[in-house]
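So you know, we letter chains A, B, ... as the sequences are listed, proteins then strands, and number each from 1.
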Amino acid sequence: MEEFPSKQSTENLDDPPNSRLFVVTSRSITEEELRESFSVFGDIQGVWVVKDKQTKESKGIAYVKFSKSSQACLAMEEMHGKVLVEGTKPVKVFIAQSRSSTRHRDVEDEELTRIFVMIPKTFSEEDLKNTFKEYGEIEYCVIIKNKFTGESKGLGYVRYYKPSQAALAIENCDKTYRAILAEPRSKAASTEDYAGGAARVDYSADPGNYQVIDYRSGEFTRCLMMSTRAALTQEQIFSLFDIVPGMEYCELQRDAYGMTKGHALIRYSNLGSAVYAKEKLNGFEYPPGNRLAVNFVDDGEDRSSPVGRMAMQFVAAQMMNAVWNGPSSSQVMKPPGFSTVSPMPRIQTDVSLPPLKKLAPPDSKAKERLFVVFSPSPLPLDVLEDVFCRYGSLIEVHLVPGRKVGYMKYADKQCADDAMAALHGRIVNGGHLTKGSGDCCHDTMTP
DNA sequence: CGACGGGACGC
DNA sequence: CGACGGGACGC
């Protein structure tokens, strides 16, 4: 209550987040005593003892605002349970609930010790740990991976032991990591015994042993259901799903009047082909602008036996791997009797495309960016990546959501120029590509 | 017409 | 149990 700079008093109490303490203390404690006790932990922007409106007596509650969350957290960690003045009860110290929040639960350490970060896809959990250990001892790190391929999604969690460590990481790590506090995993608030005194949440279990492949769900079958809003002919659907060998059945569903319902049922002779077709065609735009939805449907086969299920999912996982990493990486461990998948002719264009080239590492510095206009509608990301990577050094394809434009990030200017020269004005899968010209193509990006 | 992002964990 | 004030930027 003292000098909260006037503007901050109502709006910036939570700025930055988690920089304000809620202190439960003796009714006899004064603002000055609080300030003195807490000021060693950082810059105090204000101390406010809540008092009864009429009697003006302290209600034994106070708020202490720091300029940084790490300072508030450190103060909480150090002061919780301490006796401030001889003969008074020990204080309880929490991060204050944000003013806009309606809930009245204490903010638990659980919610303050885990951060969520964006990292290069090349990062291992070891890399992640090494990067973030400078802010405090890490309980564990996890990288979010594709369940089937094990490929990193470029996102990770880092759990510290103390809130102040997580806060320091968020405040001081490189901005490109976009570190924020992670939302608690389960909404079910762990009913940790939080009885008075200095008892805080104790994290000791869980070394972080995560399984990559989900063997439990029985979601894979040889049958697919395709849904579309655009009217497609039987022949078109057949062509689409003929991208892999083994199609046994393909039929557009019709109602009693022979009208199409926008669904087609497709069955393959083997699970792998179904998995591949599902992965490649689900979300595919055909014709451009019309997203197909493709999902597994029950094929009536018995998947209840654990062995059979394992086998099926193993095959599915291998297929996924092939889909994502290309045929070269799928040479290993091909199950017997499993038909080879032919590459999908999914790109039709008037350009003579050079062979595929590897993408530049995701954390590469962008030297050039192409601005691309799509007409009539944007092509799917995987198609764009396939086309635009062929000139080398492509880092990333970015589509502007809800618009018909996108950006192609390149690590090398010459490659970008080559791509522009080759692709400007060309037709890919029925749609036009128009590249912007002039200055707009020469922005330098900050990574 | 067509201009600047992205983010979530096995129950 | 223990949760949110007093006073008034500067145009």
Stacking between [N] and [X], yes or no? Criterion: centroid separation under 5.5 angstrom, plane angle under 30 degrees.
| X | N | result |
| --- | --- | --- |
| F371(A) | dG2(B) | no |
| F22(A) | dG2(C) | no |
| W48(A) | dG5(C) | yes |

| request: Look at the side-chain N and O atoms of K56(A) and state whether any lies under 4.0 Å from the OP1 or OP2 oxygen of dG6(C). | output: no

| said: Using OP1 and OP2 only, check whether a side-chain N or O of R99(A) sits under 4.0 Å from dG5(C). | reply: yes

| query | Looking at dC4(B), does its base get a donor-acceptor pair with the side chain of R403(A) below 3.5 Å? | reply | no

| Closest approach of Y160(A) to A166(A) (non-hydrogen atoms, all atoms of both residues) |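 Residues Y160(A) and A166(A), closest heavy atoms: CD1-CA, 3.6 Å.
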
| F123(A): ring-ring contact (aromatic ring centres under 6.0 Å, His included) partners, not counting sequence neighbours |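 Residues passing ring-ring contact (aromatic ring centres under 6.0 Å, His included) with F123(A): none at all.
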
| request: Could you pull out all residues at least two apart from F388(A) that satisfy ring-ring contact (aromatic ring centres under 6.0 Å, His included)? | output: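 Per chain and number, F388(A) pairs via ring-ring contact (aromatic ring centres under 6.0 Å, His included) with no residue.
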
| field | Sub-6.0 Å ring centroid separation between Y410(A) and Y391(A) | value | no

| Closest to the H398(A) side chain: dA3(C), dG5(B), dC9(B)? |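 Comparing dA3(C), dG5(B), dC9(B) against the side chain of H398(A), the answer is dG5(B).
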
| message | Of the listed nucleotides (dG5(B), dG2(B), dA3(C)), which one gets closest to any side-chain atom of E396(A)? | response |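 Taking heavy atoms from C-beta onward, the closest nucleotide is dG5(B).
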
